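Whatever order the structure lists them in is the order used to number ligands and atoms, beginning at 1. In this text the structure is predicted, and so the values were computed from the model without any measurement. All values below come from the heavy atoms of this structure, side chains included, with hydrogens, waters and symmetry mates left out. For this chain, numbers begin at 1 and follow the sequence in order.
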Amino acid sequence: MSREPVVRLEDVRFAYRDRSVLDGVSFEVERGERFGLLGPTGSGKSTLVRLLSGVLRPSAGRISVGGRDLGGYPPAELARRVAVVPQETALDFPFSVLEVVLMGRAPHLGGFGFEGDRDVEAAESAMTRTGVADLAGRFFHELSGGEKQRVVIARALAQEPEVLLLDEPTTSLDIRHVVEIFELLSALSRERGMTLVVVLHDLNLAALYLQRLAFLKHGRLYACGPPEEVMTYRTIRDVYETDVYVHRNDLTGRLNVLPLGSVTAGSRT
Ligand code: ADP
Ligand code: MG
C-alpha cells in the first residue's frame with residue numbers, strides 16, 4: 001500500500017443548527033486502506049459519512065479527497081470518486097433492482113444520460129459480486145432488508161469509486177451474508193486499491209477485516225490506530241461505557257471483544 005492519504009480531515013467541526021455534533025476531528029485515510037469508524041449511537045458517525053460524501057459541509061475545518069477540497073468538486077466528479085452505502089435506503093418509486101444498480105452509473109454517463117454497454121456490464125458485474133443477479137427483475141421496494149442492502153452495495157460498486165463509504169452496511173444481514181460482504185469488500189480493496197471507510201458496531205468484525213479504526217465519542221476522536229493498538233479494554237470501556245473482556249483469538253490471531261454485562265459483578269464487589 002502506498003502511503004498516500006486519499007481522505008483527509010483537518011479539525012472538522014459540524015453543528016446541526018446550534019447543536020454541535022463533531023468537534024475538531026482530524027485523521028487521514030490512505031489509498032486502498034480499510035478504515036473503520038466506530039463509537040456509540042449518536043457519536044457522530046453518520047454525520048461524518050455525510051460530510052465525507054459532500055452532502056453536508058463542515059462548519060469549520062477542512063475535508064479533502066485526493067488532495068482536493070470537497071467544496072471544490074463538481075457533484076458528478078465527486079460521485080465518480082466517492083460512493084456511499086447509507087444506513088437506510090428508501091425508494092418510493094417502484095424501481096427494479098437492475099434500475100437501482102444502474103443509478104450507480106449516473107456520474108459516468110455522457111451528456112444525454114443514456115446507458116451504454118459498459119454501464120450495463122458494470123451493473124451486472126456488481127450484481128454478480130454481491131449475489132443479487134437473480135433479483136435483477138424484482139422490485140427493490142419488495143425485497144427484504146438484507147437483499148436491499150446488497151443491492152445498494154451493488155449500486156455503489158457499479159459507481160466504480162475510489163473511495164467507498166459504508167454506514168453500517170451489514171447490520172441487517174445474517175452471519176453468512178455479513179461474511180460474504182466483508183470478504184467482497186476486502187477483495188475489492190486488495191484488487192482495485194479501493195479505499196473503504198466503514199461505520200460498524202461489531203468490534204470483532206472490525207478487528208477481523210479493517211486495518212485501522214477511529215473511535216468517536218461525543219463528536220470527538222477518542223482513539224485512532226490499528227485494532228491491535230486501539231481495541232483495548234480501557235478504550236472500549238471508556239468509549240462505550242460498558243464492561244468488556246478483550247482477548248486474542250487462537251484461531252484468527254485477532255482481538256475479540258466479549259461483553260461482560262453484570263455476570264462478573266459478583267466477583268468484583
Ligand atoms: P451516529 O451515526 O454515530 O449514531 P449521527 O451522526 O447520526 O450519529 O448523530 C449524531 C448526533 O447528531 C445525534 O445527537 C443526532 O441526534 C444528531 N443529528 C443527526 N442528524 C440530525 C439532523 N438532521 N438534525 C439535527 N440533529 C441531528
Ligand atoms: Mg449512524
Side-chain angles (χ1 to χ4, degrees), residues 7-29 34-65 70-71 75 78 82-92 145-146 148-153 155-156 161 163-173 177-178 181-182 185 195-207 209-210 212-225 227 230-231 235-242 244 257 259:
V7 176
R8 173 182 263 162
L9 291 90
E10 290 167 81
D11 201 19
V12 169
R13 286 159 208 278
F14 182 81
Y16 291 103
R17 267 162 265 121
D18 55 353
R19 181 190 179 86
S20 168
V21 172
L22 293 171
D23 188 10
V25 174
S26 303
F27 62 81
E28 292 179 354
V29 183
R34 300 190 299 279
F35 189 90
L37 279 177
L38 294 95
T41 302
S43 57
K45 305 179 298 296
S46 294
T47 301
L48 204 46
V49 167
R50 282 179 220 129
L51 286 163
L52 287 172
S53 64
V55 173
L56 298 174
R57 298 264 168 109
S59 324
R62 224 180 140 247
I63 303 178
S64 63
V65 169
L70 275 195
L78 185 60
V82 180
V84 192
V85 175
Q87 207 167 335
E88 275 166 30
T89 305
L91 297 172
D92 294 331
K148 276 185 186 156
Q149 194 62 337
R150 284 185 289 141
V151 171
V152 176
I153 293 171
R155 179 177 68 183
V163 179
L164 182 53
L165 309 172
L166 303 112
D167 197 347
E168 300 189 30
T170 57
T171 302
S172 58
L173 303 188
H177 285 114
V178 169
I181 291 296
F182 273 97
L185 294 173
T195 308
L196 303 175
V197 178
V198 189
V199 174
L200 76 176
H201 281 300
D202 189 321
L203 296 158
N204 295 308
L205 277 179
Y209 286 108
L210 304 178
R212 235 154 29 99
L213 310 176
F215 282 97
L216 283 179
K217 184 178 185 183
H218 300 319
R220 287 172 194 248
L221 193 63
Y222 187 94
C224 184
V230 294
M231 254 180 56
T235 297
I236 292 166
R237 188 201 53 191
D238 290 353
V239 169
Y240 292 95
E241 294 171 2
T242 191
V244 294
V257 176

*Asks:* Can you confirm whether Arg220 is buried at CZ, in the sense that more than 12 heavy atoms of other residues, nucleotides or ligands lie under 6.0 Å from that atom?
*Replies:* no
*Asks:* May I ask you to decide if the ring planes of Phe27 and Phe35 are parallel, tilted or perpendicular, using 30° and 60° as cut-offs?
*Replies:* parallel
*Asks:* Check for a donor-acceptor pair, side chain of Lys148 on one end and backbone N or O of Thr89 on the other, with a separation under 3.5 Å.
*Replies:* no
*Asks:* Of the protein's non-hydrogen atoms, which lies at the shortest distance from atom 7 (O) of ligand 1, and what is that distance?
*Replies:* Ser46 CB, 3.6 Å
*Asks:* Would Lys217 and Glu241 pass as an ion pair if we require N to O under 4.0 Å?
*Replies:* yes
*Asks:* Have Thr47 and Tyr16 got a donor and an acceptor in their side chains that come within less than 3.5 Å?
*Replies:* yes
*Asks:* Tell me: protein heavy atom nearest atom 4 (O) of ligand 1, and distance?
*Replies:* Gly42 N, 2.7 Å
*Asks:* Tell me, which protein residue and heavy-atom name are nearest atom 8 (O) of ligand 1, and how many Å apart are they?
*Replies:* Gly44 N, 3.3 Å
*Asks:* Give me the nearest non-hydrogen protein atom to atom 12 (O) of ligand 1 as residue plus atom name, then the distance to 0.1 Å.
*Replies:* Val21 CG2, 3.3 Å
*Asks:* Verify, without hydrogens or angle tests, whether Ser20 (side chain) and Ala15 (backbone) share a donor-acceptor contact under 3.5 angstrom.
*Replies:* no
*Asks:* Closer than 2.8 Å to the Mg ion (ligand 2), do we get an N, O or S atom from Ser46, backbone or side chain?
*Replies:* yes
*Asks:* So, is Thr41 polar-close to ligand 1, with some N/O to N/O distance under 3.5 Å?
*Replies:* no
*Asks:* Are any of the N/O atoms on Arg17, whether in the backbone or the side chain, positioned under 3.5 angstrom from an N/O atom of ligand 1?
*Replies:* no
*Asks:* May I ask you to identify the nearest protein heavy atom to atom 15 (C) of ligand 1, giving residue, atom name and distance to one decimal place in Å?
*Replies:* Arg19 NE, 4.4 Å
*Asks:* Nearest to atom 19 (C) of ligand 1, what protein heavy atom do you find, and at what distance?
*Replies:* Tyr16 CE1, 3.5 Å
*Asks:* What is the nearest protein non-hydrogen atom to atom 5 (P) of ligand 1, stated with its residue, atom name and distance?
*Replies:* Thr47 OG1, 3.7 Å
*Asks:* Taking atom CZ of Arg237 as the centre, report whether more than 12 heavy atoms of other residues, nucleotides or ligands fall under 6.0 Å from it.
*Replies:* yes
*Asks:* Taking both backbone and side-chain atoms into account, decide whether Thr41 has an N/O/S atom under 2.8 Å from the Mg ion (ligand 2).
*Replies:* no
*Asks:* Does Gln87 reach ligand 1 with a nitrogen or oxygen that is under 3.5 Å from one of the ligand's nitrogen or oxygen atoms?
*Replies:* no
